[in-house]
Amino acid sequence: MDSSFQRDDLDNQILTALMEDARTPFAELAKRFSVSAGTIHVRVEKMKQAGIITGAQITVNPKALGYDVCCFIGINLKSAGDYPAAIAKLNALEEVVEAYYTTGNYSVFVKVMCQSIDGLQHVLINRIQSIDEIQSTETLISLQNPIIRAVKP
């Protein structure tokens with residue numbers, strides 16, 4: 001990873017365009033930004049090497065896949081030393097889609113996606129709360145996700 005890389009306006013424009021549609025051909029970006037396709041390729045490669053671009057992904061609608069319940073669970077660990085083991089066990093649960101090591105009221109904050117409230121109850125009681133390193137949890141069910149966006153370059 002190249003930490004000395006300095007982005008300029010063209011890099012930011014390329015990032016913005018690829019964040020909107022990662023499948024945009026370099027030739028199309030080249031026309032849009034009045035540069036050569038080779039320039040786009042070189043810029044993208046440099047941003048990959050700098051760790052700015054880490055991959056491309058397809059975004060799916062969880063509800064269309066049957067995941068109707070989204071919740072956030074604040075987790076208190078029994079001790080700070082329990083963090084690595086707890087994270088490893090949480091990572092093994094496919095319903096846990098994000099995890100954050102945090103300050104404040106919780107040691108760990110996770111996002112969980114389930115197909116139903118019954119499914120959430122099963123995951124919470126039988127899978128998360130049964131992890132030895134976890135002392136307690138607090139669950140917040142999401143009613144909506146009105147803002148979804150990536151950071152701007």
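Just so it is clear, the values below take in all heavy atoms, side chains as well, and ignore hydrogens, waters and symmetry mates. A quick note: this is a predicted structure, and the numbers were derived from the prediction, not measured.
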Note to self: For a quick test of reading the model, state the closest non-hydrogen atom pair linking Val108 to Val110 and the distance between them.
What the structure shows: CG1-CG1, 3.8 Å

Notebook entry, point to check: For Phe33 and Ile40, what are the C-alpha separation, side-chain angles and deciding distance, and is it a side chain to side chain contact (heavy atoms under 4.5 Å, CB included)?
Noted result: CA-CA 9 Å; Phe33 304 130; Ile40 300 294; 4.2 Å; yes

Note to self: Parallel, tilted or perpendicular: which one describes the rings of Phe109 and Phe72, with boundaries at 30° and 60°?
What the structure shows: parallel

Note to self: What I'd like to find out is whether the side chain of Arg7 reaches to under 4.5 Å of the side chain of Ile52, using heavy atoms alone.
What the structure shows: yes

Next item on the list: Check for a donor-acceptor pair, side chain of Asn145 on one end and backbone N or O of Ile147 on the other, with a separation under 3.5 Å.
Entry: yes

Notebook entry, point to check: Step by step, would you call Val112 with Ile128 a side chain to side chain contact (heavy atoms under 4.5 Å, CB included)?
Noted result: CA-CA 10 Å; Val112 172; Ile128 293 176; 4.2 Å; yes

Check: What distance do Thr39 atom OG1 and Ile14 atom CD1 have between them, rounded to the nearest 0.5 Å?
Finding: 8.5 Å

Margin query: Could you go through Lys78 and Gln135, starting from their C-alpha distance and side-chain angles, then the distance that decides it, and tell me whether this counts as side chain to side chain contact (heavy atoms under 4.5 Å, CB included)?
Written below: CA-CA 5 Å; Lys78 290 179 181 173; Gln135 178 180 330; 3.9 Å; yes

Check: What is the minimum heavy-atom distance between Val69 and Ile117, and which atoms define it?
Finding: CG2-N, 3.7 Å

Item checked: Test side chain to side chain contact (heavy atoms under 4.5 Å, CB included) applied to Gln129 and Thr137, step by step -> CA-CA 7 Å; Gln129 291 176 341; Thr137 64; 2.9 Å; yes

Notebook entry, point to check: If you measure from OG on Ser116 to NE2 on His122, what distance do you get to the nearest 0.5 Å?
Noted result: 10.5 Å

Check: Mind checking who shares a hydrophobic cluster with Met113, ILVMFWY linked at side-chain heavy-atom distances under 4.5 Å?
Finding: Ile58, Val60, Leu65, Tyr67, Val97

Item checked: Distance (rounded to the nearest 0.5 Å) between Glu138 CD and Cys71 SG -> 11.5 Å

Note to self: Between Thr54 and Gly51 (side chain of the first, backbone of the second, donor and acceptor by atom type, cut-off under 3.5 Å), is there such a pair?
What the structure shows: no

Checklist line | Atom CG of Asp9: over 12 foreign heavy atoms under 6.0 Å | finding: no

Note to self: Minimum heavy-atom separation for Cys70 and Lys111, please, with both atom names.
What the structure shows: SG-CE, 3.6 Å

Check: Can you find a heavy atom in the side chain of Arg23 that is under 4.5 Å from one in the side chain of Leu18?
Finding: no

Notebook entry, point to check: Just by modelled atom types, is the Phe5 backbone N or O under 3.5 Å from a matching donor or acceptor in the Lys46 side chain?
Noted result: no

Notebook entry, point to check: Is it true that Leu90 and Tyr100 fall in one hydrophobic cluster, defined by side-chain heavy atoms closer than 4.5 Å?
Noted result: no

Item checked: Between SG on residue Cys114 and CG on residue Leu124, distance to nearest 0.5 Å -> 9.0 Å

Check: Of all heavy-atom pairs between Leu77 and Asp82, which one has the smallest distance, and what is that distance?
Finding: CD1-C, 4.2 Å

Check: What are the two closest heavy atoms between Ser36 and Ala30, and how far apart are they?
Finding: C-CB, 3.5 Å

Check: Any side-chain heavy-atom pair from Gln115 and Asp68 closer than 4.5 angstrom?
Finding: no

Next item on the list: Please round to the nearest 0.5 Å and tell me the distance separating atom CZ of Arg43 and atom CG of Asn12.
Entry: 10.0 Å

Next item on the list: Determine, using the 4.5 Å side-chain heavy-atom cutoff (strictly less than), whether Ile87 and Ile73 are members of one ILVMFWY cluster.
Entry: yes

Notebook entry, point to check: Given side chains that start at C-beta, do those of Leu29 and Val35 come closer than 4.5 Å, heavy atoms only?
Noted result: no

Check: Taking atom types as modelled and ignoring hydrogens, do the side chains of Ser136 and Asn76 form a donor-acceptor contact shorter than 3.5 angstrom?
Finding: yes

Next item on the list: Kindly compute the distance separating CG (Asp8) from CD (Gln6), expressed to the nearest 0.5 Å.
Entry: 10.0 Å

Item checked: SB check Glu45 Lys48 (cutoff 4.0 Å) -> yes

Notebook entry, point to check: Can you get from Val42 to Met47 by hopping between Ile, Leu, Val, Met, Phe, Trp and Tyr side chains that sit under 4.5 Å apart?
Noted result: no

Item checked: Other residues, nucleotides, ligands: >12 heavy atoms within 6.0 Å of Gln57 CD -> no

Next item on the list: Please report the closest heavy-atom contact between Arg127 and Ala92, naming both atoms and the distance.
Entry: NH2-O, 4.4 Å

Checklist line | Side-chain donor or acceptor of Asn126 paired with backbone N/O of Val123 under 3.5 Å | finding: no

